Number of protein chains: 2
Amino acid sequence: MTAETDWTDIAERYGTPTYVYDGDRLAANLAALRTVLHHRLEVFYSLKSNPNRGVYDVLHTAGARAEVSSLAELRTVLAAGTDPADIIFLGPGKSLAEITACVEAGVYAVVCESLAELAEIDRVAERSGVRQRVLIRVNPAFSVAGSRLTMGGKPRQFGIDEATVLAAGAELTSWRHADVAGIHVYLGTRILDPQVVVSNTGYVLALAERVARETGIRLDAVDIGGGLGVAYFDGEDDLDDAALAKELNPMLDRFAAAHPDTRLILESGRYLTARCGTYLMRVRYVKESMGEKFAVTDGGTHHHMAAVGIGSFVKRNFPVELLSRPTAGPGGGGPAGRWTIAGPLCTPNDTVAKGVLLPDLVPGDLLGVRRSGAYGPSASPGLFLSHGYPAEVLLLRGRSYLVRSRDTVDDVLAKQSTHPDLSRPVPA
Amino acid sequence: MTAETDWTDIAERYGTPTYVYDGDRLAANLAALRTVLHHRLEVFYSLKSNPNRGVYDVLHTAGARAEVSSLAELRTVLAAGTDPADIIFLGPGKSLAEITACVEAGVYAVVCESLAELAEIDRVAERSGVRQRVLIRVNPAFSVAGSRLTMGGKPRQFGIDEATVLAAGAELTSWRHADVAGIHVYLGTRILDPQVVVSNTGYVLALAERVARETGIRLDAVDIGGGLGVAYFDGEDDLDDAALAKELNPMLDRFAAAHPDTRLILESGRYLTARCGTYLMRVRYVKESMGEKFAVTDGGTHHHMAAVGIGSFVKRNFPVELLSRPTAGPGGGGPAGRWTIAGPLCTPNDTVAKGVLLPDLVPGDLLGVRRSGAYGPSASPGLFLSHGYPAEVLLLRGRSYLVRSRDTVDDVLAKQSTHPDLSRPVPA
């Protein structure tokens, strides 16, 4: 959408700030991943990265299966027409309502995170008179460097420790309504080095065979997790999917040949969506403070906490571009300067970018924060200062579609209520 | 609410996770602050700390004025019957709609953050045929240690640099419809040391006189900011308001005597609300991983990002208590152990507390995160994993009131939309 997108038209039509997703690229990212990786590896889209229905529709139509973690995500993928056989449900603290909804929908598998939860799944499935397939989430006795957030090899709220699983035996297989038939392992996130994915996957595949051997469970499915990253910051490079495929595919091929009836599952969220999203903001004020240039925009932390860097130890800049005027040269041409891009919130932390090279900005300019398709609005505090969540727009085949409307003041306040008692003074 | 509150009843009536606010204590906190501080100092409640209408009703009835930063906050305080003469509006990136709403409501003052905004306020006020009082936010050439987030003394998106203001002269006074008549300075937040507040205030009062002298503006009001903190973590003590009053009041008295017609404004949010809130969660699963005890609850980051520590460099624990069973002794009695309290999200960061001393927990137990009345749900990513925002309940005079209902799946998905085109496959 970079070259041809008419950002001024989008901003006028839908207002700002707005998330804009490139649907053609979403579909292309999925197709590229499916083409390069082993044909037996099924890509399950992690809705947590971007739960928007329009985004999911495009990925679903392009062949993605669904990995969900809440009732609303489950409802979304069912409403989109996903075959329940292509849905898995994950999460370390599932509610009874969530487990029940999974069983009633007949999802392919519930990923189970503790032996207590296994008993709960059995009870719920018994009540419905069905057998529910379960994948056991294993917290591996193994971790590998190179991911941004290590998920395994240390005490975790996730899954069941590897040693416990291996020793569980009949505790896994003796349930009448919870049908343990595979494992799930998630080793890390934001991985940019193909070797890390390859090491992880090798470990998971070997562990799956070992668990099957020592506990007697079937291997209907092995979920190797995911964690494929994208580059956000200076000095990072996108994961090289061809290099990944070159080493991963022979490994998957050996496992697939030995287990012709086992589904191989790759979870992917950020890798599919991040590069397809732009957070579009408009400059409201420009000012100088003690020699530094500030552009205050209508967008910020409340919509894009990741770009602002809250939750990170070091503030690093997402790529930011001027989109409303023809520009050329480094950072967009024109007289380049260092700009700090701040949002409208009353906190100095509300800084989308610090010291980025941009042309001279003026009020009304449109700025785009690139690579913003994952963990955007849904991972941000949209009610901060009661501003509300932004609009979301999807571009596909040259047209634009509003896939989430902007919160109005009424929306922000809709769930609140009061009572005359609360305005009754305390007698003196 | 600690001793008498029937947490089990609240959890059954309203479900979990739920924010519970102690309305009696809210009113008492405000009364205490007003009693101890100089009678000329007016307390303006910062709705950003907790924008709930019920919370505001209680504070408004107890005599608080209102400091707001968005259309929804302005709507809230007007709906509660606040006299516009007791409302000020702040924010570094106000929209035209916000400025217009302020002028139309006739708020006491718009706090102006740049000379360009001053021109904008003048235009809007001219269109309405009124004069709008404006306080100039000054970015002071001064900072003081002891606040958790320094607001002044460095390049900032906020306000106008002190030197620029002092040199502005007629640029401030020549507007026909923007009536600059005071200043606002905000020097920091989460201040626990009375001396810091005293130093800040001394600087602001002297600056106000200097600005008036050098630019010729009237001083209808001086807003000394706020930033009064509360203790959250081990080793912190609450701000000693008596010690503060002892040094602050004589200083305010001198200024008040010299400026008998100047309103003195103190902004306060966290100090009034933080200690009045408990985030009530239920334990869903308990488990051990590699020798560490975990309780997985239904609450977490998506509702209480501050307690989880996202945005902080170091994870520290908010106070956490077992509320559903009678307990005694350190951490609540019973065999005490170290527990990690995790939420239901699929990220290892979703950890409400790490290694806290608690009795042995079992599924169904109710845990309370104390001091959670400020920057709770509205400052958290409630749509993460599409779980939605929690219920909020207010206790007052022995009764409970639902002041925000829990998001349903329908609520979470309500603003999304799709289009048949998005499910139309790309021709091969």
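Sequence lines set the chain letters: A, B, ... in the order given, protein chains first and strands last, and positions in each chain run from 1. This one's a predicted model, so the numbers in the text were calculated from it and none came from an experiment.
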Which portion of [X] sits near chain A, non-hydrogen atoms under 4.5 angstrom:
X        : answer
B:Arg424 : both
B:Glu98  : side chain
B:Ala379 : both
B:Leu396 : side chain
B:Ser69  : both
B:Arg284 : side chain
B:Thr61  : side chain
B:Phe294 : side chain
B:Leu413 : side chain

I'd like to know which of [options] tops the heavy-atom pair count under 4.5 Å against chain A.
options                                : answer
B:Gly300, B:Ser378, B:Pro344, B:Gly343 : B:Ser378
B:Glu162, B:Lys48, B:Met305, B:Arg53   : B:Arg53
B:Val412, B:Ile160, B:Asp407           : B:Asp407
B:Thr301, B:Leu90, B:Asp410, B:Asp298  : B:Asp410
B:His302, B:Glu120, B:His387, B:Arg399 : B:His387
B:Lys287, B:Arg282, B:Glu392, B:Glu288 : B:Lys287

I want to check something: taking the side chain as every heavy atom from C-beta on, are [X] and [Y] in contact at a cut-off of under 4.5 Å?
X        : Y        : answer
A:Leu422 : B:Tyr401 : yes
A:Arg137 : A:Phe158 : yes
A:His60  : A:Thr82  : yes
A:Thr76  : A:Leu47  : yes
B:Tyr375 : B:Ser49  : yes
A:Val286 : A:Lys293 : no

Worked verdict on A:Tyr389 versus B:Leu383 for side-chain contact (heavy atoms from CB on, under 4.5 Å): CA-CA 10 Å; A:Tyr389 285 89; B:Leu383 297 185; 3.7 Å; yes
Heavy atoms of A:Pro363 and A:Tyr285 approach each other most closely as CG-CA, 4.4 Å
Looking at every non-hydrogen atom in both residues, tell me the closest pair between A:Pro92 and B:Val296 and how far apart they are. O-CG1, 3.4 Å
Count the heavy-atom pairs under 4.5 Å between each of [options] and chain B, then report the option with the highest count.
options                                : value
A:Val403, A:Leu115, A:Asp24, A:Ile310  : A:Val403
A:Leu345, A:Leu394, A:Val308           : A:Leu345
A:Ala295, A:Ala163, A:Gly159, A:Ala391 : A:Gly159

Hey, are A:Lys94 and A:Glu117 close enough for a salt bridge, meaning a charged N less than 4.0 Å from a carboxylate O? yes
Give the intermediate values and the outcome of side-chain hydrogen bond (donor to acceptor under 3.5 Å, both in side chains) for residues B:Asp411 and B:Thr408. CA-CA 5 Å; B:Asp411 292 326; B:Thr408 63; 3.1 Å; yes
